[in-house]
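Keep in mind that what you see is a predicted model, and the values were worked out from it rather than measured.
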Amino acid sequence: MKVLLDTHVLLWAASAPEKLSLATRTLLEDPNTMLYFSPVSLWEIAIKRSLGRTDFVVDARVFRRGLLDNGYQELSLTSEHAVSIDSLPPLHKDPFDRMLVAQATAEGITLLTADALVAQYPGPVRGL
(Lines give C-alpha, C1' and ligand atoms only; values in the text may rest on other atoms or scores of the structure.)
Protein backbone atom coordinates (compact mmCIF):
# COMPACT_ATOMS: atom_id res chain seq x y z
CA MET A 1 0.00 0.00 0.00
CA LYS A 2 1.23 3.52 -0.83
CA VAL A 3 0.56 6.17 1.82
CA LEU A 4 1.16 9.92 1.66
CA LEU A 5 1.35 11.38 5.16
CA ASP A 6 -0.02 14.83 5.88
CA THR A 7 2.21 17.28 7.72
CA HIS A 8 0.99 16.59 11.25
CA VAL A 9 1.12 12.82 10.77
CA LEU A 10 4.70 13.17 9.51
CA LEU A 11 5.68 15.27 12.52
CA TRP A 12 3.97 12.95 14.99
CA ALA A 13 5.45 9.81 13.40
CA ALA A 14 8.91 11.32 13.81
CA SER A 15 8.65 12.91 17.25
CA ALA A 16 5.41 11.97 19.04
CA PRO A 17 4.23 8.54 17.86
CA GLU A 18 2.04 8.26 20.95
CA LYS A 19 -0.30 10.76 19.25
CA LEU A 20 -0.97 8.16 16.55
CA SER A 21 -3.39 5.28 17.01
CA LEU A 22 -2.05 1.76 17.29
CA ALA A 23 -3.58 0.98 13.88
CA THR A 24 -1.75 3.95 12.33
CA ARG A 25 1.57 3.01 13.93
CA THR A 26 1.11 -0.57 12.72
CA LEU A 27 0.42 0.66 9.18
CA LEU A 28 3.48 2.91 9.20
CA GLU A 29 5.71 0.11 10.51
CA ASP A 30 4.44 -2.48 8.02
CA PRO A 31 7.24 -3.28 5.55
CA ASN A 32 4.61 -3.56 2.78
CA THR A 33 3.59 0.08 3.28
CA MET A 34 5.39 2.51 1.00
CA LEU A 35 5.62 5.83 2.86
CA TYR A 36 5.60 9.12 0.97
CA PHE A 37 6.00 12.76 1.95
CA SER A 38 5.33 15.85 -0.10
CA PRO A 39 7.48 18.95 -0.54
CA VAL A 40 4.23 20.74 0.37
CA SER A 41 4.65 19.51 3.96
CA LEU A 42 8.22 20.80 4.10
CA TRP A 43 7.05 24.13 2.69
CA GLU A 44 4.34 24.29 5.37
CA ILE A 45 6.85 23.46 8.13
CA ALA A 46 9.34 26.07 6.89
CA ILE A 47 6.70 28.81 6.67
CA LYS A 48 5.05 28.07 9.99
CA ARG A 49 8.40 27.70 11.77
CA SER A 50 9.48 31.10 10.42
CA LEU A 51 6.25 32.56 11.83
CA GLY A 52 7.15 31.24 15.27
CA ARG A 53 4.50 28.53 15.50
CA THR A 54 5.39 26.33 18.47
CA ASP A 55 3.96 23.23 16.80
CA PHE A 56 6.41 23.62 13.90
CA VAL A 57 9.83 23.86 15.55
CA VAL A 58 11.71 21.33 13.42
CA ASP A 59 14.13 22.54 10.75
CA ALA A 60 12.62 21.48 7.40
CA ARG A 61 16.05 20.66 5.91
CA VAL A 62 16.96 18.36 8.79
CA PHE A 63 13.49 16.83 8.78
CA ARG A 64 13.68 16.08 5.03
CA ARG A 65 17.02 14.35 5.46
CA GLY A 66 15.60 12.28 8.31
CA LEU A 67 12.60 11.22 6.24
CA LEU A 68 14.81 10.12 3.36
CA ASP A 69 17.21 8.34 5.71
CA ASN A 70 14.26 6.43 7.19
CA GLY A 71 12.99 5.13 3.86
CA TYR A 72 10.32 7.69 2.99
CA GLN A 73 9.92 8.53 -0.68
CA GLU A 74 9.52 12.12 -1.79
CA LEU A 75 6.44 12.64 -3.98
CA SER A 76 7.31 15.32 -6.51
CA LEU A 77 4.93 18.23 -6.91
CA THR A 78 3.78 18.57 -10.51
CA SER A 79 1.70 20.95 -12.57
CA GLU A 80 -0.90 18.17 -12.85
CA HIS A 81 -1.29 18.32 -9.08
CA ALA A 82 -1.58 22.10 -9.15
CA VAL A 83 -4.31 22.21 -11.78
CA SER A 84 -6.31 19.40 -10.19
CA ILE A 85 -7.04 21.63 -7.19
CA ASP A 86 -9.98 23.10 -9.13
CA SER A 87 -11.79 19.75 -9.07
CA LEU A 88 -11.80 19.52 -5.27
CA PRO A 89 -14.96 20.45 -3.40
CA PRO A 90 -14.56 23.52 -1.17
CA LEU A 91 -14.43 21.58 2.10
CA HIS A 92 -11.21 23.10 3.37
CA LYS A 93 -9.47 26.41 2.73
CA ASP A 94 -5.92 25.48 3.81
CA PRO A 95 -3.81 25.48 0.62
CA PHE A 96 -1.30 22.98 2.03
CA ASP A 97 -3.99 20.42 2.83
CA ARG A 98 -5.78 20.97 -0.47
CA MET A 99 -2.56 20.34 -2.39
CA LEU A 100 -1.89 17.15 -0.43
CA VAL A 101 -5.40 15.94 -1.32
CA ALA A 102 -4.81 16.84 -4.97
CA GLN A 103 -1.50 14.99 -5.03
CA ALA A 104 -2.96 11.87 -3.42
CA THR A 105 -5.94 11.89 -5.77
CA ALA A 106 -3.86 12.41 -8.92
CA GLU A 107 -1.39 9.69 -7.93
CA GLY A 108 -3.88 7.21 -6.48
CA ILE A 109 -2.04 7.20 -3.17
CA THR A 110 -3.89 7.13 0.14
CA LEU A 111 -3.51 10.38 2.07
CA LEU A 112 -3.33 9.70 5.80
CA THR A 113 -4.51 12.79 7.66
CA ALA A 114 -5.00 13.91 11.24
CA ASP A 115 -7.51 16.56 10.12
CA ALA A 116 -11.13 15.39 10.33
CA LEU A 117 -12.19 17.99 7.77
CA VAL A 118 -9.59 16.84 5.23
CA ALA A 119 -10.68 13.24 5.84
CA GLN A 120 -14.10 14.17 4.38
CA TYR A 121 -12.68 14.62 0.87
CA PRO A 122 -13.72 11.94 -1.60
CA GLY A 123 -11.08 9.68 -2.99
CA PRO A 124 -8.05 8.13 -1.39
CA VAL A 125 -8.16 10.06 1.89
CA ARG A 126 -8.14 8.35 5.27
CA GLY A 127 -8.38 9.89 8.73
CA LEU A 128 -6.48 8.58 11.73
Side-chain angles (χ1 to χ4, degrees):
M1 174 179 202
K2 294 180 179 181
V3 178
L4 174 62
L5 280 65
D6 83 359
T7 307
H8 276 99
V9 176
L10 278 173
L11 291 168
W12 293 342
S15 64
E18 68 279 0
K19 291 186 176 185
L20 302 172
S21 68
L22 177 58
T24 299
R25 290 193 309 268
T26 301
L27 176 66
L28 299 181
E29 293 167 3
D30 184 334
N32 295 314
T33 302
M34 296 176 62
L35 300 172
Y36 288 84
F37 71 95
S38 171
V40 171
S41 291
L42 299 176
W43 178 36
E44 180 177 15
I45 290 167
I47 288 174
K48 291 182 177 178
R49 180 176 188 233
S50 72
L51 295 172
R53 289 268 306 260
T54 58
D55 53 339
F56 291 88
V57 295
V58 66
D59 181 306
R61 286 177 187 83
V62 173
F63 191 58
R64 178 183 181 273
R65 181 78 269 152
L67 291 170
L68 292 170
D69 288 348
N70 283 288
Y72 285 75
Q73 301 295 312
E74 184 170 355
L75 181 62
S76 297
L77 182 61
T78 69
S79 57
E80 178 186 358
H81 301 149
V83 299
S84 66
I85 288 283
D86 68 353
S87 65
L88 296 177
L91 300 176
H92 202 289
K93 296 192 186 308
D94 184 298
F96 302 111
D97 289 329
R98 289 178 58 80
M99 184 56 77
L100 291 172
V101 171
Q103 282 187 288
T105 302
E107 299 298 328
I109 297 174
T110 300
L111 174 63
L112 187 59
T113 182
D115 187 320
L117 192 56
V118 173
Q120 293 178 25
Y121 276 99
V125 181
R126 179 172 151 190
L128 294 185

To the nearest 0.5 Å, what is the distance between [atom1] ([X]) and [atom2] ([Y])?
| X | Y | atom1 | atom2 | value |
| --- | --- | --- | --- | --- |
| Q73 | L68 | CD | CG | 8.0 Å |
| F37 | L4 | CZ | CG | 10.0 Å |
| T24 | K19 | OG1 | NZ | 14.0 Å |

Test side chain to side chain contact (heavy atoms under 4.5 Å, CB included) applied to T113 and D97, step by step: CA-CA 9 Å; T113 182; D97 289 329; 5.5 Å; no

Side-chain heavy atoms of [X] within contact of [Y], under 4.5 Å:
| X | Y | answer |
| --- | --- | --- |
| L10 | Y72 | yes |
| L28 | L5 | yes |
| F56 | L11 | yes |
| L88 | V101 | yes |

Looking only at non-hydrogen atoms, find the nearest pair between [X] and [Y] and report the distance.
| X | Y | value |
| --- | --- | --- |
| L100 | S38 | CD2-CB, 3.4 Å |
| A106 | E80 | CB-OE2, 4.0 Å |
| H8 | A114 | CB-CB, 4.3 Å |

Could you check whether any side-chain N or O of [X] sits under 3.5 Å from a backbone N or O of [Y], counting only pairs where one atom can act as donor and the other as acceptor?
| X | Y | result |
| --- | --- | --- |
| T33 | L27 | yes |
| T105 | A102 | no |
| D6 | L111 | no |

Are [Y] and [X] linked, directly or through intermediate hydrophobic residues, by side-chain heavy-atom contacts shorter than 4.5 Å (ILVMFWY only)?
| X | Y | result |
| --- | --- | --- |
| Y36 | M99 | yes |
| L67 | L20 | yes |
| F63 | I47 | no |
| L22 | M1 | no |
| L91 | L112 | no |

Would you check if there is a donor-acceptor pair between the side chains of H81 and T78 at a distance under 3.5 Å?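 A pair is found: one side chain offers a donor N or O, the other an acceptor, under 3.5 Å apart.
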
Let me check something: any side-chain donor-acceptor pairs from residues 118-128 under 3.5 Å, sequence neighbours excluded? List them with distances.
residue	atom	partner	partner atom	Å
Y121	OH	P89	O	3.4
Y121	OH	H92	N	3.2
Y121	OH	R98	NH1	3.0

Residue of the set K2, M34, Q103 for which side chain to side chain contact (heavy atoms under 4.5 Å, CB included) holds with I109: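 The residue from K2, M34, Q103 that satisfies side chain to side chain contact (heavy atoms under 4.5 Å, CB included) with I109 turns out to be K2.
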
So which of D55, D59, V58 actually passes side chain to side chain contact (heavy atoms under 4.5 Å, CB included) with R49?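 Running side chain to side chain contact (heavy atoms under 4.5 Å, CB included) over D55, D59, V58 with R49 returns exactly one hit, D59.
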
Return all side-chain donor-acceptor pairs below 3.5 angstrom for residues 39-46, not counting sequence neighbours, or 'none' if the list is empty.
residue	atom	partner	partner atom	Å
S41	OG	T7	OG1	2.9
E44	OE1	T7	OG1	2.6
E44	OE2	K48	NZ	2.7

